[in-house]
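Note sheet for the following structure.
Below, chains carry the letters A, B, ... as their sequence lines are ordered, and counting in each starts from 1. When reading the values below, keep in mind they use all heavy atoms of this one structure, side chains included, and skip hydrogens, waters and symmetry mates.
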Amino acid sequence: MSIWRRKFWRVASFPVIVKPSMGKVRVAENSSFFASEMMENHANNTGSGSPDGRTGSSTEDSKTNLIVNYLPQTMTQDEIKSLFSSIGEVESCKLIRDKVTGQSLGYGFVNYVKPQDAEKAINTLNGLRLQAKTIKVSYARPSSQAIKDANLYVSGLPKTMTQADLEGLFEAHGRIITSRILFDPVTGQSRGVGFVRFDQRVEAERAITELNGHIPKGATDPITVKFANNPSQNHAKALQQAAYLAPARRYLGPMLHQTARFRQALLSNYLRYSPMGADPMGVGNIPNGGTGFCIFVYNLAPDTEDSVLWQLFGPFGAVTNVKVIRDFQTNKCKGFGFVTMAHYDEAVVAIAQLNGYCLGGRVLQVSFKTNKAHKN
DNA sequence: TATTATT
């Protein structure tokens with residue numbers, strides 16, 4: 001097999017293009033193909049090695065459990081499991097999603113049966129390029145309250161400050177897990193802001209105390225150091241997105257903050273006035289293997305991503321699966337997709353709200369999926 | 001002045 005054939009991964013139904021950069025390709029022994037680029041980014045290497053040397057935890061470090069970061073937004077749990085199963089038997093795999101919108105948070109966990117497979121996965125898959133992302137594979141630290149909310153947002157940095165400089169400034173206050181300086185993609189200039197994630201929250205707290213308002217050597221202005229916003233509770237962004245998607249016609253934002261009880265009230269109201277109230281299951285809609293109710297979405301644009309469906313339907317309740325149907329050759333959306341929702345009442349409201357919804361100049365048709373190709 | 005690292 002040539003090196004170029006190795007560039008093309010097929011993981012289940014998910015073809016993944018792997019781009020080895022600079023011809024720097026490693027091929028693992030005892031394995032059909034692995035293209036892996038070792039990270040040159042310091043941030044992505046930090047903390048990816050031995051889990052030893054930690055402080056403040058009595059829990060023993062797992063030698064089989066891995067955390068996978070910087071996953072492409074569209075990658076599903078099944079695809080992750082497929083990819084990591086190419087190394088060895090995977091005991092469990094979990095993609096972390098936003099509780100409200102169902103969107104991938106870009107990281108997950110893979111627990112192997114054998115420690116040597118976990119080690120091999122780090123050596124082989126860390127630094128792998130998937131779509132526009134370079135994934136990071138490292139040992140998961142034992143979960144605890146002490147390691148949560150240890151991510152700092154730093155602003156007011158001198159434009160000349162490098163990532164190494166940043167770490168040099170913060171490393172005295174604890175073990176740095178990751179750090180990053182944000183750059184303008186056009187000019188390539190530092191935006192003067194960045195992030196530093198510590199192992200322990202107390203370390204982050206100490207760094208704030210010591211470094212907020214500090215003037216770096218050679219600089220004139222003080223830096224600001226504070227806790228970074230937590231993405232999983234940042235629904236303001238989702239709200240903005242919903243407002244953007246519904247310019248004038250329907251404003252979905254408030255739905256994000258409604259309780260299940262309010263949704264139930266909406267449902268009662270809806271069923272009272274809807275013809276569907278008489279036939280609540282719709283035509284031929286059967287709970288999909290017990291995982292939920294399948295919804296057919298028609299008139300999607302060719303460039304539609306799965307994430308759009310998550311964003312559209314997530315505000316109405318628990319979305320368990322979405323799928324944009326694509327042309328095998330072009331990979332463009334064929335104009336429709338499916339969304340599975342866990343609860344019937346939420347699916348009903350979502351359909352009622354989104355059928356006729358205008359998305360990118362197209363009027364969507366949304367209904368429960370029917371079994372027949374034609375209905376009357 | 002904001003990316004997505006703890007189930």
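- Residue A/K94 has no polar side-chain atom (N or O) positioned under 4.0 Å from OP1 or OP2 of B/dT6.
- Atom CD1 in A/I181 sits roughly 14 Å away from atom C1' in B/dA2 (whole-Å rounding).
- Of the candidates B/dT1, B/dT4, B/dT6, the closest approach to any side-chain atom of A/R197 belongs to B/dT6.
- Residue A/F198 contributes atom CZ, which lies 15 Å from atom P of B/dT6 at whole-angstrom precision.
- Atom CG in A/L105 sits about 9 Å away from atom P in B/dT6, given to the nearest Å.
- Listed for the A/T124 side chain is a donor-acceptor partner under 3.5 Å among the backbone atoms of A/K120.
- In this structure, of B/dT4, B/dA2, B/dT6, it is B/dT6 that holds the atom nearest to the side chain of A/R141.
- A donor-acceptor contact under 3.5 Å links the side chain of A/N65 to the base of B/dT7.
- Remark: the A/S179 side chain and the A/Q163 side chain contain an N/O donor-acceptor pair separated by less than 3.5 Å.
- Taking atom CG of residue A/L182 and atom P of nucleotide B/dT3, one finds them 6 Å apart after rounding to whole Å.
- Atom pair A/L95:CG and B/dT4:P shows a separation of 15 Å (rounding to whole Å applied).
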Just distance, no hydrogens or angles: give the donor-acceptor pairs under 3.5 Å from side chains in residues 153-160 of chain A, sequence neighbours left out.
none

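- Following rounding to the nearest Å, A/Q73 (CD) and B/dT4 (P) show an atom-to-atom distance of 10 Å.
- Remark: ring of A/F109 not stacked against base of B/dT6; the cut-offs of centroid gap under 5.5 Å and plane tilt under 30° are not jointly satisfied.
- Atom OH of A/Y298 has 12 or fewer heavy atoms from other residues, nucleotides or ligands within 6.0 Å.
- For B/dA2, the OP1/OP2 oxygens have a side-chain nitrogen or oxygen of A/R191 closer than 4.0 Å.
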Verdict with supporting geometry, A/Y107 and A/Y70, side-chain contact (heavy atoms from CB on, under 4.5 Å): CA-CA 6 Å; A/Y107 70 94; A/Y70 309 103; over 6 Å; no
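- Listed in residue order, the members of residues 150-161 of chain A having a heavy atom less than 4.0 Å from DNA chain B are A/N151, A/Y153.
- Closest to the side chain of A/K133, out of B/dT6, B/dT3, B/dT4, is B/dT4.
- The separation between A/R97 atom CZ and B/dT6 atom P is 17 Å, rounded to whole Å.
- Atom pair A/N229:CG and B/dT4:C1' shows a separation of 11 Å (rounding to whole Å applied).
- Using modelled atom types, one finds a donor on one side chain and an acceptor on the other under 3.5 Å when comparing A/T64 with A/N111.
- Remark: aromatic rings of A/F336 and A/F296 are close, center separation under 6.0 Å.
- The base of B/dT3 does not come close enough to the side chain of A/R180 for any donor and acceptor atom to sit less than 3.5 Å apart.
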